[in-house]
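To find a chain, count down the sequence lines: A is the first, B the second, and so on, and within it residues start at 1.
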Number of protein chains: 2
Amino acid sequence: MEFELFKFSANIRSDIFLKDPESSQLGSAIISQSINLIYDIGFEEFNFRKLSQQIGTTEATIYRYFENKHMLLLYVTSWYWCWVEYQLVLHNTNIVDYNVRLKNAIKVLTVPHDHQYADINLQNLFNIICSESCKSYLIKNVDDLNKYGVYYNYKKIVAIISDIILKVNPAYNYSHMLVTTVIEGIHHQKYFAEHLPSLTDKTDDPDYLINFYYQLAITAINLK
Amino acid sequence: MEFELFKFSANIRSDIFLKDPESSQLGSAIISQSINLIYDIGFEEFNFRKLSQQIGTTEATIYRYFENKHMLLLYVTSWYWCWVEYQLVLHNTNIVDYNVRLKNAIKVLTVPHDHQYADINLQNLFNIICSESCKSYLIKNVDDLNKYGVYYNYKKIVAIISDIILKVNPAYNYSHMLVTTVIEGIHHQKYFAEHLPSLTDKTDDPDYLINFYYQLAITAINLK
DNA sequence: CAATAATAATAGTATTACTATCATTAAACT
DNA sequence: AGTTTAATGATAGTAATACTATTATTATTG
């Protein structure tokens, strides 16, 4: 049934967690509160002791859900990519023009449309995605983790948008590079606009980022 | 005198260090060996105890040069940007065509031409720049650090390349965004090619990255 | 109501990220 | 050459972090 596509439920590799945080109220609190706490104090300062105090549980209990804070970050970023996947379906259903699909995708990647989903603060989540998500793979054991498929959700988003690009121009050879350049670029520009403004060119236009990256992408795709 | 421009000496903000590592042999060893050690074990696993053992000195001594390992990373990345600045001068002197200047700049940002400079392994340095450099600003105290001008060297490179772009098209409004998109993009694609190949499109052509980002940049700049 | 699972409470360990102190060596200046 | 000054080495110690283990208590399920 068509509307089944619209039902959101995070599809996250079980290797990321020890006990599924979606399986209990405490687990949900671990996720939603870790997003808020990481937003407040940053991932480096964040630890399970502080998180347990914020939730009103103990360090040992959180360790039953996640091996360490790094795996929790991986879970949070995976959750974000699940959410993006859901938004992509939502915004691109019945859209026939692949140029429009691409623009919608970039739009989804640039701003969180809603403020809250269940107990998750999407603004805070997007903010930590911009500043912390790359730390989930810029680590020494990335190859080991990758073997377990923990980057599945990110890869899937890249594959989906890559496919849109190939519909626009089937001969384009650099669709994955282009997608990751745009995604990571958006995150960086958002961060720079807030902290290092001389590294970006923020304007009054609320859509300046969407327009910049859509232009960049579409001209690259249609070239030659 | 013209050749003064070609003399390389790192111009790094003194707020980054407690004692200038260029002022002693031990200081030089701290820099060159930290590059190799971070390359070997990654920045998370890296600490001053391990570094001191590798150098044959003590933890306390290294702490007299740098407040903590994060400031050392900032020094190393700043050193890299100094090196890039030097390379840009070297490759773009007497080049009149700004399109060529831009291509040369992207070339410099994509591959380290030499293998070794003094006691510094440039291959290892470039590798950790790709995987660790963004951690020097993706931190909670970024605003405090920025006040002290510690990101000066990165900003300068962005400004220099941004100026080249404005020579190509003085009406282009997004030169800084474009430069940081290209720089961070290069780092990411290098990393993905090595660890998460499905997120990029590496080819046999050794210049594929240079060509991709030059094409991307030049078409964006010349648009409208 | 019994059995099972989940969590709380508490304690403990190894490592990390430093700081402090003092002895020793090297450099620089009469 | 001898004295001051600075840099480093050696050692020790502390607070916090990143866990692990144990047992008691509560909630859930059969």
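Residue A:R49 places at least one side-chain N or O under 4.0 Å from the OP1 or OP2 atom of D:dT17. The phosphate of C:dA6 (OP1 or OP2) has no side-chain N or O of A:Y65 nearer than 4.0 angstrom. Look at B:S24 and you'll find a side-chain N or O under 4.0 angstrom from OP1 or OP2 of D:dT8. Listed pair B:T61 / D:dG9 meets the phosphate criterion, a side-chain N or O lying under 4.0 Å from OP1 or OP2. An OP1 or OP2 oxygen of D:dA18 is reached within less than 4.0 angstrom by no side-chain nitrogen or oxygen of A:N68.
Rounded to an integer number of Å, the gap from B:Y63 OH to D:dT8 P is 17 Å. Between A:L26 atom CG and C:dA5 atom P there is a gap of 18 Å when expressed in whole angstrom units. What separates CZ of A:F66 from P of D:dA18 is a distance of 16 Å, to the nearest Å. The CZ atom of B:F48 sits 14 Å away from the C1' atom of C:dT19 (whole-angstrom rounding). Counting to the nearest Å, the C1' atom of D:dT17 and the CG atom of A:L72 are 16 Å from each other. The distance between atom CG of A:L18 and atom C1' of C:dA5, rounded to the nearest whole Å, is 16 Å. Here C:dT15 presents its P atom at 16 Å from NZ of B:K69, a figure rounded to the nearest Å. When the P atom of D:dA10 is taken as reference, atom CD of B:Q53 falls 12 Å away, rounded to whole Å.
Sequence order on DNA chain D of the closest nucleotides to A:E45 and A:A60 puts A:E45 first from the 5' end. Mapped onto DNA chain C by nearest heavy atom, B:E59 and A:E59 fall at different nucleotides, with A:E59 at the one closer to the 5' end. When each of A:E67 and B:K19 is assigned the nucleotide of DNA chain D with its nearest heavy atom, B:K19 is the one assigned upstream, toward the 5' end.
Outside the 6.0 Å centre-distance limit, the rings of B:Y208 and A:Y174 are not counted as a close aromatic pair.
Across all strands shown, B:R64 has heavy atoms under 4.0 Å from base atoms, whether or not it also approaches the sugar-phosphate.
Annotation: cation-pi pair A:K69/A:F43 present, NZ/CZ under 6.0 Å from the ring centroid and within 45° of its normal.
Atom CD of B:E67 has 12 or fewer heavy atoms from other residues, nucleotides or ligands within 6.0 Å.
Ion pair B:K135/B:E44 flagged as a salt bridge, since at least one NZ, NE, NH1 or NH2 atom sits closer than 4.0 Å to an Asp/Glu carboxylate oxygen. Ionic pairing of A:K156 and A:E85 is present here: one or more N-O contacts between side-chain nitrogen and carboxylate oxygen are shorter than 4.0 angstrom.
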